[in-house]
2 protein chains.
Amino acid sequence: MSTVNRLAEIGTLVGDPTRAAMLEALMDGRALTASELARAAGVTAQTASGHLSQLATAGLLSVEKQGRHRYHRLAGSEVARLLESLMEWTAGAEPKMARAIATGPRNAAMRRARTCYDHLAGQLGVAISDALIARNIVIFSDEGGLLSPDGSDALREMGLRLPATKLKGTRPLCRPCLDWSERRPHIAGVLGATIASHAFDAGWIRRLDGSRAVTVTRTGEAELKRLFGVGAL
Amino acid sequence: MSTVNRLAEIGTLVGDPTRAAMLEALMDGRALTASELARAAGVTAQTASGHLSQLATAGLLSVEKQGRHRYHRLAGSEVARLLESLMEWTAGAEPKMARAIATGPRNAAMRRARTCYDHLAGQLGVAISDALIARNIVIFSDEGGLLSPDGSDALREMGLRLPATKLKGTRPLCRPCLDWSERRPHIAGVLGATIASHAFDAGWIRRLDGSRAVTVTRTGEAELKRLFGVGAL
DNA sequence: CCAATTCTTCGGTCTGGCCCGAAGCATCCC
DNA sequence: GGGATGCTTCGGGCCAGACCGAAGAATTGG
């Protein structure tokens, strides 16, 4: 297989609207069953099955068999990252279009706050990032993102505990991820995931009808204000 | 247009083998005419014309009219980056396949040294990166790449002059770019481009039959050995 | 063991879009 | 102007692949 075909291969995979819908449904990091994905993409189970096997053999999805269900999830954060960068690109390509989308009422909740694979994005994600940058806990530059030397301690005081075990993988601790709705970077990587999972566990945010969008709870509003100085969105 | 369709849109674009071949031909940053691209992709001029207009209206390509020729080039380094990351991904997905490709004789020259948009990749690119890292001129980490504080001076002594004007765009000075053949990072960004163009200008390297592959000249071998300690590839 | 559920495999249909031939502009050179 | 070159538009042929119905495997619960 030549290198151009490799390019075309992944393109074809993502290029089909049905498969794209499935991938998008998985972008929040959850594992979904084949039938759930079929429904999400609006096709029958047979059709979905074919698409899923394609995505899995290409290595984009990892499959876990559990009883009579098959749970599908993105193969890793790199995949989510790749998809986000594709979406970011298309968003930037047509400014007028993007503007039209941005003002669409249906996506309002998504723009306000959503998960991006395993971390927070949208206005909420950007606001938290800004707060941590303002306090010199996180440093963003053109070259990437860094956790400042005493950032880890500052985070612990706020109740955010980074996983002690340095992950053996090469997953970055703190990576900027460009927000396609806000057009500004928010925090991804291990730190981003830690913040998001803490926010869920502490009841600050809740998933909206099982989609990527999230809402801030009453207690969440108070805590976000107290810790990060984040006002109402 | 919903967000899933945006994903599918760009996927479809790169998903066609003909368009993928064209994009690949442009990956070295040159501008090519429509007929050159037609030949590169193995299709007639009419067919090529259709594909090129698709790529251009999607914003992946920028077109410049010059007399009766139309010069096409990638719209920017972000596009090249996006494509490289797609290729990188597919390379990683199937280790056995990738191995088979890696040992293919036809790609031997490409593996040895090639341009990756506007900087050097392959064994040569990685070797230069390693040399600069060993001398503490460049620092790579999980979080990205940096030029060390006194790196700029050290580079100047070697005859490498970075553009004085800080580019207004957000293009990073020194960015790691994963090499799909070597599976290790090499230097991209402004510094990578500076090194590559200097190598061309000084006659260290030359394009091989107008492709992305390059060969090291006799004088290039001596200079690369002297400056970077790079031996024969 | 039977029924229900989830998922896959198989065959057949149908359409989007890739491709080329022919013809039409645009530009350059003589 | 007339002819060559580069590129685009139009029309129709053709095929990969997406889709579904029907039937078959795998698993669970009663």
Side-chain angles (χ1 to χ4, degrees), chain A residues 1-2 4-26 30-58 60-73 90 210, chain B residues 1-2 4-26 30-58 60-73 90 210:
Chain A
M1 197 193 311
S2 86
V4 0
N5 283 337
R6 274 191 282 151
L7 237 193
E9 186 194 347
I10 181 111
T12 306
L13 241 35
V14 186
D16 178 79
T18 301
R19 283 191 291 267
M22 290 173 162
L23 290 171
E24 157 120 33
L26 292 167
R30 284 176 307 171
L32 299 179
T33 66
S35 39
E36 283 171 328
L37 286 166
R39 203 165 336 116
V43 293
T44 61
Q46 313 91 290
T47 304
S49 176
H51 287 303
L52 289 172
S53 81
Q54 284 185 64
L55 292 171
T57 59
L60 287 173
L61 259 45
S62 70
V63 189
E64 199 178 333
K65 201 171 143 183
Q66 206 169 105
R68 47 188 169 185
H69 296 277
R70 301 197 86 137
Y71 285 94
H72 301 258
R73 68 171 69 226
T90 38
Chain B
M1 196 192 313
S2 87
V4 3
N5 283 339
R6 275 192 282 152
L7 237 192
E9 186 195 349
I10 180 112
T12 305
L13 242 34
V14 282
D16 178 80
T18 301
R19 283 190 293 266
M22 290 174 162
L23 291 171
E24 157 120 34
L26 293 168
R30 285 176 307 172
L32 299 179
T33 66
S35 40
E36 283 171 329
L37 286 167
R39 204 167 333 117
V43 293
T44 61
Q46 314 90 290
T47 305
S49 177
H51 287 304
L52 289 172
S53 81
Q54 285 187 61
L55 292 171
T57 58
L60 287 172
L61 259 44
S62 70
V63 189
E64 198 177 334
K65 199 170 148 184
Q66 207 168 103
R68 47 185 169 184
H69 295 276
R70 299 196 88 139
Y71 285 95
H72 300 258
R73 67 172 68 227
T90 38

Rounded to whole Å, the OH-C1' distance (B/Y71 to C/dT27) equals 13 Å
Atom CZ of B/R68 to atom P of C/dT27: distance rounded to whole Å? 11 Å
Check every strand shown and say whether B/A34 touches a base, only sugar-phosphate, or nothing at a heavy-atom separation below 4.0 Å. sugar-phosphate
Taking any heavy-atom pair under 4.0 Å as a contact, classify B/T33: base, sugar-phosphate, or nothing. sugar-phosphate
Keeping the roles fixed (side chain from A/T47, backbone from A/V43), state whether a donor-acceptor pair exists under 3.5 Å. no
For the [atom1] atom of [X] and the [atom2] atom of [Y], what is their distance to the nearest 0.5 Å?
X	Y	atom1	atom2	answer
B/T12	B/L7	OG1	CG	10.0 Å
B/R70	B/S35	CZ	OG	12.5 Å
B/R19	B/E24	CZ	CD	15.5 Å
B/L26	B/L55	CG	CG	9.0 Å
A/L13	A/L23	CG	CG	7.5 Å
A/E64	A/T33	CD	OG1	13.0 Å

Start and end of chain A contact along DNA chain D [non-hydrogen atoms, under 4.0 Å]: D/dA18 to D/dT28
A correct 5'-to-3' footprint of nucleotides 17-22 of chain C, with B, S and - meaning base, sugar-phosphate only and no protein heavy atom under 4.0 Å, is -SSBBB
For B/S49 and B/Q46, test the side chains for any donor-to-acceptor distance below 3.5 angstrom and give the result as yes or no. no
